[in-house]
Participant: 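Please find one structure pasted underneath; my questions will follow.
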Amino acid sequence: MSEKKMSGRPLAALVVGVASLALVTGCGEQPKPQESYAYACQSDLDHSATPSVTDEAPKADSWTTGKDGVQYPVSSAYGGCESLDSGWKVGHSHNTAGALYAATDFLAGPTGDELEHASADDLTKVYAAGEVRDQIIAAASKPATPEPTGKGYVTESPGSDISAQLRGYEVQEQSADKVRVLLYGQSDAVFSGTFGFTMVWQDGDWKIDPVSAERPMDLQMTTTSDPAVTWSA
């Protein structure tokens with residue numbers, strides 16, 4: 001009897017030891033740490049995976065006319081849920097749909113004149129960290145150069161009465177922290193072409209990884225190409 005008791009104690013000790021080792025080494029299921037977002041309103045967004053957006057556009061609650069006269073989608077599920085003084089909307093869901101809405105919200109943001117007065121804080125919230133963002137912030141802090149006037153120069157932005165539409169998009173690359181997307185726009189009076197955005201998840205939100213200080217996106221003018229996914233109002 002004594003021998004059986006003694007033989008059971010090492011076994012119990014071994015079980016406890018293995019369980020303790022699993023906790024220390026990370027074996028077994030561990031609770032997922034809660035993600036930190038840039039804005040409190042992001043906690044109410046839909047952060048679930050959205051693989052279907054490569055074939056079907058994420059649902060828009062409504063469409064709104066931007067200052068450039070273009071129709072842009074609005075979503076309470078994917079953001080942006082926070083408005084900056086500059087006119088940009090930020091605070092998006094951490095998925096591909098959120099990156100798509102971040103790209104459209106960038107286009108729907110401040111006009112050229114308003115952009116010249118955007119604060120360094122707002123630019124930091126919209127553009128990804130790096131040398132190009134530093135150049136953009138430095139340029140914004142300089143006095144604005146007067147726009148040229150006279151014959152051959154356009155001095156007024158298109159109004160909201162112009163009919164224009166964001167026709168659709170193509171997701172070229174997607175991962176948890178990087179999405180590459182082409183947005184397709186169409187309007188005889190405003191533009192007809194594609195806008196190529198590289199979006200990166202940084203500091204709790206999607207931000208633009210700009211091509212250069214002068215070109216935040218790749219712009220290709222075209223009248224023939226059709227989007228892979230239609231995004232209709």
Participant: Can you see whether Q220 engages T194 through a side-chain donor-acceptor pair at a distance of less than 3.5 angstrom?
Facilitator: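 Side chains of Q220 and T194: no pair found under 3.5 Å.
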
Participant: Going by the side-chain hydrogen bond (donor to acceptor under 3.5 Å, both in side chains) test, which pairs reach into residues 49-61, not counting sequence neighbours?
Facilitator: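 Residue pairs with at least one partner in residues 49-61: D61-S76.
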
Participant: Any side-chain heavy atom of P73 sitting closer than 4.5 Å to one from T104?
Facilitator: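 Sidechains of T104 and P73: in contact.
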
Participant: With a 4.5 Å limit on heavy-atom distance, are the side chains of Y169 and L100 in contact?
Facilitator: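 They are in contact (side-chain heavy atoms under 4.5 Å apart), so the answer is yes.
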
Participant: Drop me the distance from D218's CG to T198's OG1, to the nearest 0.5 angstrom.
Facilitator: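 It is 7.0 Å, given to the nearest 0.5 Å.
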
Participant: Quick one: list whatever passes side-chain contact (heavy atoms from CB on, under 4.5 Å) with E173, sequence neighbours left out.
Facilitator: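 Once residues adjacent in sequence are excluded, the partners of E173 under the side-chain contact (heavy atoms from CB on, under 4.5 Å) criterion are K178, R180.
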
Participant: What are the two closest non-hydrogen atoms of A97 and S93, and how far apart are they?
Facilitator: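 Looking at all heavy atoms of both residues, the closest pair is C-OG, 4.5 Å.
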
Participant: Under the side-chain hydrogen bond (donor to acceptor under 3.5 Å, both in side chains) rule, what do S119 and D121 come out as? Steps first, then yes or no, please.
Facilitator: CA-CA 5 Å; S119 67; D121 185 53; 5.1 Å; no

Participant: Mind checking whether R133 and L123 have side chains closer than 4.5 Å, heavy atoms only?
Facilitator: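 Side chain of R133 against side chain of L123, heavy atoms only: no contact under 4.5 Å found.
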
Participant: Mind checking what makes side-chain contact (heavy atoms from CB on, under 4.5 Å) contact with D203, not counting sequence neighbours?
Facilitator: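 Residues passing side-chain contact (heavy atoms from CB on, under 4.5 Å) with D203: K207.
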
Participant: Return a table of donor-acceptor pairs under 3.5 angstrom between the side chains of residues 78-88 and protein atoms on other chains or two or more places apart.
Facilitator:
{"from": "S86", "atom 1": "OG", "to": "D122", "atom 2": "OD2", "distance (Å)": "2.9"}
{"from": "W88", "atom 1": "NE1", "to": "F106", "atom 2": "O", "distance (Å)": "3.2"}

Participant: Rounded to the nearest 0.5 Å, what separates atom CE in M199 from atom CG in D209?
Facilitator: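 One finds 9.5 Å between CE of M199 and CG of D209.
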
Participant: Quick one: does D205's side chain get under 4.5 Å of Q42's, heavy atoms only?
Facilitator: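 Sidechains of Q42 and D205: in contact.
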
Participant: Could you tell me whether the side chain of V181 reaches within less than 4.5 Å of the side chain of E170, counting heavy atoms only?
Facilitator: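 No, every pair of side-chain atoms sits at 4.5 Å or beyond.
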
Participant: Nearest 0.5 angstrom please: L166 CG to F195 CZ, how far?
Facilitator: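 Going from the CG atom of L166 to the CZ atom of F195 covers 8.5 Å.
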
Participant: Is V74 reachable from L183 through a run of I, L, V, M, F, W or Y residues, each pair having side-chain heavy atoms under 4.5 Å apart?
Facilitator: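 No, no single cluster joins them.
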
Participant: Going by side-chain hydrogen bond (donor to acceptor under 3.5 Å, both in side chains), name the residues that satisfy it together with D177, two or more places apart in sequence or in a different chain.
Facilitator: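 Applying side-chain hydrogen bond (donor to acceptor under 3.5 Å, both in side chains) to D177 gives H94.
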
Participant: Given the rule that I, L, V, M, F, W and Y join up when any side-chain heavy atoms are under 4.5 Å apart, are M217 and V211 in one cluster?
Facilitator: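 Unlinked, M217 and V211 end up in two clusters.
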
Participant: Ring centres of W231 and Y101 under 6.0 Å apart?
Facilitator: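 So the answer is yes for these two rings.
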
Participant: May I ask whether L45 and Y39 are part of the same hydrophobic cluster, defined by side-chain heavy atoms of I, L, V, M, F, W, Y residues being less than 4.5 angstrom apart, directly or through others?
Facilitator: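 In one cluster with L45: Y39, no.
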
Participant: Do W201 and E35 come within less than 4.5 Å of each other through their side chains, counting heavy atoms only?
Facilitator: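 In short, these two side chains touch, coming nearer than 4.5 Å.
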
Participant: Kindly work out whether a path of hydrophobic side-chain contacts (I/L/V/M/F/W/Y, heavy atoms less than 4.5 Å apart) joins L107 to V179.
Facilitator: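 In one cluster: yes.
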
Participant: Under a 4.5 Å side-chain heavy-atom rule over Ile, Leu, Val, Met, Phe, Trp and Tyr, are W63 and V53 clustered together?
Facilitator: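 Per the 4.5 Å side-chain linkage, W63 and V53 are co-clustered.
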
Participant: Would you say T124 and I137 make side-chain contact, with heavy atoms under 4.5 Å?
Facilitator: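 Sidechains of I137 and T124: in contact.
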
Participant: Closest approach of L182 and G196, non-hydrogen atoms and distance?
Facilitator: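 Shortest heavy-atom contact: CD2-CA, 3.4 Å.
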
Participant: Could you work out, with side-chain contact (heavy atoms from CB on, under 4.5 Å) as the rule, every residue matching A108, not counting sequence neighbours?
Facilitator: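 With neighbours one apart ignored, the set is Y72.
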
Participant: Which heavy-atom pair separates G98 from W206 by the least distance, and what is that distance?
Facilitator: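 That closest heavy-atom pairing would be C-CD1, 3.6 Å.
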
Participant: Can you name the nearest heavy-atom pair linking A77 to S75, along with the distance?
Facilitator: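 So the two residues come closest at N-OG, 3.1 Å.
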
Participant: Are the side chains of I136 and V132 in touch, meaning some heavy atoms are under 4.5 Å apart?
Facilitator: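 Side chain of I136 against side chain of V132, heavy atoms only: contact under 4.5 Å found.
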
